Amino acid sequence: MNIRSSQPALACFQRTIVAAVVVLLSAPVQSVAADDAPDFFEQRIRPMLLENCIECHGPTKQENGVRLDRREDVLKGKAGDAWLINLEAPSESRLLKVLHYDDGDTQMPPSGRLEDEQLAYVLEWITKGAVWPESAHLEGEAIRRAERWREHWAFIPPVMPDLSALTENENPVDHFVRARLATKNLNLSPAAAPRILVRRLSYALLGLPPELNDLATANAAATNGTLAAWKSEYIDRLLASPHFGERWGRYWLDISRYADTKGYVFTEDREYPDAWRFREWVIKAINDDMPYDEFLKRQLSADRMSGSDDPAQLAAMGYLTLGRRFLNNPHDIIDDRIDVVTRGMLGLTATCARCHDHKFDPIPTADYYSLYGVFASSDEPKNEPSTLRLVDRASPVEPVIFQRGSPGNRGDAVPRRFLTALSAPDAPLFSDGSGRLELANSIANRNNPLTARVAANRVWMHLFDRGLVDSPSDFGVRTDPPTNPELLDYLSITFIDHEWSIKSLIRQIVTSETWQQRSDRRVDAEAVDPENRLFARMNRTRLDFEAQRDAVLAVAGRLDPAIGGKSVDVTTDTGTGRRTIYARIDRQNFPGLFRTFDVASPDAHAAKRFQTTVPQQALFQLNSQFIMDRAMEISKASESAESSGDLTGRIQLLFQTVLRRQPTPTEMSQTAAYIEELQANQQKSNGLTGWSYGYGAINEAQEAVTAFSKFPSMKDGTFQGGEKLPDEKLGWASLNRGGGHPGGTLSLCAIRRWTADSDCQVFVNSVVIHTSEEGDGVRCRIVSTGRGVMNDGTAHNSTATGSVETFEIKAGEHIDFVVDCRSNGSHDSFQSAIMVTQFVGNRIQRVWKSEDDFRDNPGAARLGAWPQLAQALLLTNEFIFVD
Amino acid sequence: MNLATPEPDSSPIAIGRRGMLTRCGMGFGSMALTGMLNADLAQSALGAESSNPMLPKPAQFPSKVRHVIHLFMNGGPSQVDTFDPKPELQRRGGQTISDGNLKTERPTGALFPSPYRFHRYGQSGIEVSELFPHIAQHVDDMAIIRSMHADVPNHEPSLLLMNCGEARLVRPSMGSWLTYGLGAENQNLPAFVSMCPGGYPIQESQNWQSGFLPGVYQGTYVDTKHSDIEKLIENIRNDRITPKDQSLQLGLLQSLNRQHLAERPGDSQLESRIQSFELAFRMQTQATDAFDISREPKHIRDMYGDGVQARQILIARRLVERGVRFVQVWHGEGQPWDNHDDIEVNHRRLAQQCDRAIGALLTDLKQRGLLDETLVIWGGEFGRTPVVELPQKGANAGKINGRDHNHWGFTMWMAGGGVRGGYVHGATDEFGFRAVENKVHVHDLHATIMKLVGYDHEKFTYRHAGRDFRLTDVHGKVVEELIA
């Protein structure tokens, strides 16, 4: 509590009173107090002081000279010029004033005003003589409080739990999960069906849909009783697949805030041209099952380890160097590196200590600047084959504390060393160059209580969609213990004992009954464990963006199996078959598509991904070129299964391809009806909907367009009679995005045709502009099927506007916008714009605009009935969720 | 080509009209069908554990303000040429300041009087320069802050400070904070839209970043140079499947999904995704409508005028009318107001581009009863010096007729949304260089905006990396005088 007098000076008169009070208090006051006064202090005052004040005004710190843990200091006040407690006028006590939080005065405690009730207790306490039992020095307790973090579970080294009760062949994972479930009278769910398990394994380990062959052999194994052996073989095969590193490597890229660019650096080149080499290194290290301690060490200090002359190994240090560059501010760059190391590898939030001691965790500002010194002593060499590496400076930086985080405000010097809370009291300071290698050894160390736990928890989180600890990159003192502490300890120790093998850890978990149980709802468990934190069932998970996109590529037969390589912009190159981990990540302008699908922000270390469901995701699924192109490919591959008059074969194949199963009878009949309806609609509209471009004539008597023919040729954005204009047969007759030209006779009118795709209402607006004084201009008419000429105008060096009020139109009927040459066939070039507003009921379906909608090849990209079905299957929850 | 469009009121599809239906993000037809889905009931329809982070939420305390329009004059407009008249500057043009000039980005010289005349407007009689005759008509609804100040005279950090409350580190923008706090009023449109014609301002999309908040709270960038909806919002239209076919496709999809759900009861994430397709389907028509100003009656379009500023400012009104929370309107790509030289010509040109439309916006919001619930903010990332910028090699080609950046003092104004109208707050020194009276730092402006929208800036926090972050970091004091 920071208490200072708001009065500039105190009168002698007041000093006298202070003295009097002190004298009065020295002994007899307590005797006048009520007998319950000591209890009142113990119950109401002491906890309040400990909770709110002692941290800054206690034995370790006395901010502003105020100390509140000992009676004599409280009574004495600060340096004799003010009193904290005024027994004569208790409500005038300085202590109460600052607690009152008045404007323009000191407000304590800084974390927020105390409750009114607490203030009343303080007043009561002072009024009754500020009784403070002689014995109640809070000093010892305050120190114990300051050291309380030592009791925090995460700072206590993991202990191998008792395994004596393990039954034969029981996976210890199941043993610990069952033990927790038993406390709530729950048990595990039954094992998932083989096909569900195969799919779950394939996505969990590779991020790809299961092979049809594996689904079939799993079923066969289940039938002949060899499923256990089959599963074991399958898991080994998946762990050995090079695609494993692509799935699990991406998780590490979230942790290491991977991007291909630096962010905003004025007009400098923003590219990290070698960023992909770091990704390459990560994938390979994970595929090789590099021991996790070595995996961490290399990312911090590959320059000091074996292979330090190999650019491929040095690329590991991209972990440090690929961050945002913050306008090239060196302090911020170092801050980002401290963050990615402490949150990413230790699960500690150290960057709070840049400006002040960590509020909750045992990370003083001095520790932050100790690490700062390590990174400030590491340079990025220029003109090197690998641009990702760091090297130690010849003479390391001796860091000082920047007070309040401001480099201009230099405080005490600090040594380069590891975090004090994680070091033995006599641990040596860093002395080897920058200290980066020593830092790496301190982190990747079996005696570090955090490193293995943080890693094991993350593996669990990726496999179950939820960690045993909910904040995977913050294991600080405010973090609740794991939902199953013995389990996390067991996994951490086993992990270390198995040479830090990530693959062994994964194998141990996915072979457990816990992981292999069903994900179906457990009504009995919901009452006591609504969030399924004890794992009475498997969690149903939604594929992340990478797995969604990769799965679409896979079922479309388009997945490029090549491992590694440079980045590809998957947002613009919609045809690429590269897996999503190879997507180029531009940190400065992170594509909207990635944000929409909760891809980890590359701005800083990402502890875990958000999981949102927003309509923009559905828009991508419904309307993106990527999805529709894949749907067309899937459909095309199923063509052979169609036999005339029977839809079932092709429907079966599409279900098989996309969902990897046969349709149910209900699904079959619904899907067949759907295809039939689409095909009937398409027949009704002759396969023509929207705009088409042709020529023809108007039968004046019947007010109808006769002999409409599409232009046979498209050249440089213009539909016309042939390669050249004028064409031998059709003359100048032509149409383009913004206008056209009629042919030289009334049988060669230029006709822009709009065909309704459904029964609906429309209204129409059009403009035709003719800009030549020569000739006699053009005549423009709007003609609709069955209604004749609805609008008739002429433009000759003028503008003709036409509009038609709302009318009903049936699927397949046309509205023709007919322009003819009148009696003179020259100087007839015209501009035009047409808007057809289409609605059903009173909801707009679409506004068709002749200019915006113009396509060189109308209809070619359109999806027919079968591609639309393929797309619908890609969009199902079944495709996106894993049971 | 601009087509004559029937006025919305006369067409059978009066979607342009404001009211419950559009505010709830519903088409007319579907309202009856899925009445549950209006904003207030969305929560129950989607299930309590819904993963849709955009559901509308109340602010911390009641406020009328539901929308914000931030008109960003990027580059830094000059206060002494717009809203901060300085007679002493006019009198002493050509003289040097005896104490020397404050340090700004580049070398500066003598006092450089404003080439524009100021006039008094409204009942309040507040003076505004001839650059903004249309905006000036609204001074009685505006609170003009003449004592703004920021930290440094450089664009990059100042832009981030103004948008995110922090000059360099990655922090969420104001629009992201508000969207995170309030959710979306209209589920069929993005909740936070940032419009800039021709490309990005400098610092690019960092200006509307979501930082450590979920990515969905990031501003949706719209290049208003285009008038084609497909280029404005990603994947909003599909010309490869007809709407009719798409609705059939959606029917099949949802039927398959419902069968899937029936075997997996009680899973709200499955239900949420089913709902998201319904929302997306409606979004296609709603968003198309919202960005299409050709659906405005002619007299409204005439009121805003011609050009891209008129278009995007009119779109801004259409967006807030449809429940978009935060609309940022940037003047243009790069830093258009950054007139280091030829300021007289350039400021006049820039003001002419937007004055009429901004005036029309205020008129229009007011006549629709939207001004009370829409906070309009105008300003740049900083102001400009009252002294002339001296020529520098490679910078301003030897001209001595512009002004340098000035973070020491500048002007911003706010209107509508609970702001005290006809009020001038604070003052700069006699020349308009440094804020001296009732100074308002950018953090203070943020604190005040938060309060207007219904948040205590000190208590509106988000836990990230072990710390509770807020827009104002550890700063900011609400300027109560600005609040009506």
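These numbers were taken from a predicted model, which means no experiment stands behind them. So that the names make sense, note that chain A is the first sequence line, chain B the second, and so on, each numbered from 1.
The contact between B/Arg463 and chain A is made entirely by side chain atoms (from C-beta outward), counting heavy-atom distances below 4.5 Å. Proximity to chain B is absent for every atom of A/Arg609, based on heavy atoms less than 4.5 angstrom apart. Only the side chain of A/Asp883 comes within contact range of chain B, with heavy atoms under 4.5 Å apart. Contacts of A/Arg587 with chain B are absent, with no heavy-atom separation under 4.5 Å from either backbone or side chain. With a threshold of 4.5 angstrom between heavy atoms, B/Gln218 approaches chain A through side-chain atoms but not through N, CA, C or O. Of the two parts of B/Leu261, neither the backbone nor the side chain holds a non-hydrogen atom closer than 4.5 Å to a non-hydrogen atom of chain A. For A/Thr671, the parts sitting under 4.5 Å from any heavy atom of chain B are the backbone and the side chain alike. When heavy atoms are compared at a cutoff of 4.5 Å, B/Gln259 approaches chain A solely by way of its side chain, counted from C-beta outward. Using a 4.5 Å cut-off between heavy atoms, A/Phe620 contacts chain B through both its backbone and its side chain. For chain A, the nearby part of B/Leu252 is the side chain; its heavy atoms alone come within less than 4.5 Å. Heavy-atom distances place the side chain of A/Glu677, and not its backbone, under 4.5 Å from chain B. Heavy atoms closer than 4.5 Å to chain B are found in both the backbone and the side chain of A/Arg540. With a 4.5 angstrom heavy-atom cutoff, B/Gln209 touches chain A only via side-chain atoms. With a threshold of 4.5 angstrom between heavy atoms, B/Thr242 approaches chain A through its backbone and through its side chain. Contacts of A/Ser624 with chain B are made by both backbone and side-chain atoms, with heavy-atom separations under 4.5 Å.
Between B/Arg467 and B/Asp473, at least one side-chain N (NZ, or NE/NH1/NH2) sits under 4.0 Å from a carboxylate O, which counts as a salt bridge. A salt bridge links B/Asp239 to A/Arg855: at least one charged side-chain nitrogen sits closer than 4.0 Å to a carboxylate oxygen.
For the residue pair A/Gln588/B/Gln206, the side-chain donor-acceptor check at 3.5 Å is satisfied. The closest side-chain donor-acceptor pair between A/Asn539 and A/Thr541, if any, does not fall under 3.5 angstrom. With 3.5 Å as the limit, one finds no donor-acceptor pair spanning the side chains of A/Thr349 and A/Arg343.
Not one N or O on the side chain of B/Asp245 forms a donor-acceptor pair closer than 3.5 Å with the backbone of A/Leu678. Within the 3.5 Å criterion, the main-chain N or O of A/Thr596 finds a donor-acceptor partner in the side chain of A/Gln617. Between the side chain of A/Gln670 and the backbone N or O of A/Glu667 there is no donor-acceptor pair closer than 3.5 Å. A/Gln868 places a side-chain N or O within donor-acceptor distance of the main-chain N or O of A/Leu863, the cut-off being under 3.5 Å. No donor-acceptor distance shorter than 3.5 angstrom exists from the side chain of B/Asn154 to the backbone of B/Glu156, with no hydrogens or angles considered. For A/Asp853 (side chain) and A/Trp848 (main-chain N/O), no donor-acceptor pair under 3.5 Å exists by modelled atom type.
With chain A as the partner, the residue from B/Asp267, B/Leu250, B/Ile274 showing the most heavy-atom pairs under 4.5 Å is B/Asp267. With chain A as partner, the option from B/Lys459, B/Gln254, B/Met283 having the largest number of non-hydrogen pairs under 4.5 angstrom is B/Met283. With respect to chain A, the highest number of heavy-atom pairs below 4.5 Å among B/Leu248, B/Leu256, B/Val474 belongs to B/Leu248. Across B/His155, B/Glu234, B/Arg264, the residue that shares the most heavy-atom pairs under 4.5 angstrom with chain A is B/Arg264. No other option in B/Asn257, B/Thr285, B/Thr288 has as many heavy-atom pairs under 4.5 Å with chain A as B/Asn257. Contact count against chain B (heavy-atom pairs under 4.5 Å) is highest for A/Leu622 among A/Thr342, A/Asp339, A/Leu873, A/Leu622. Of the listed residues A/Phe590, A/Phe360, A/Phe266, the one with more heavy-atom pairs under 4.5 angstrom with chain B than any other is A/Phe266. Interface summary for chain B: among A/Gln871, A/Lys359, A/Gln616, A/Glu526, the most heavy-atom pairs under 4.5 angstrom belong to A/Gln871. The residue among A/Leu593, A/Thr664, A/Leu619, A/Leu869 with the most heavy atom pairs within less than 4.5 Å of chain B is A/Leu619. Chosen from B/Gln284, B/Lys244, B/Gln203, B/Gln246, the residue pairing most often with chain A at heavy-atom distances under 4.5 Å is B/Gln203. The residue among A/Asp474, A/Asp603, A/Leu875, A/Asn329 with the most heavy atom pairs within less than 4.5 Å of chain B is A/Leu875. Residue with the most contacts toward chain B among A/Leu348, A/Asn877, A/Thr479, A/Val840: A/Asn877 (heavy-atom pairs, distance under 4.5 Å).
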Practice problem: Report the C-alpha separation of B/Asn238 and A/Asn623 in whole Å, then their side-chain angles, then the decisive distance to 0.1 Å, and conclude whether the side chain to side chain donor-acceptor pair (under 3.5 Å) test is met. | Solution: CA-CA 5 Å; B/Asn238 191 331; A/Asn623 297 339; 3.1 Å; yes
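The aromatic rings of B/Tyr221 and B/Tyr200 lie tilted to each other, with the angle between the two planes from 30° to 60°. The aromatic rings of B/Phe212 and B/His464 lie parallel to each other, their planes meeting at an angle below 30°, with 60° marking the opposite boundary.
In this structure, OG1 on A/Thr613 lies 11.0 Å from CD1 on A/Ile880, to the nearest 0.5 angstrom.
Taking the six-membered ring for Trp, B/Tyr180 and B/Tyr217 have ring centres closer than 6.0 Å.
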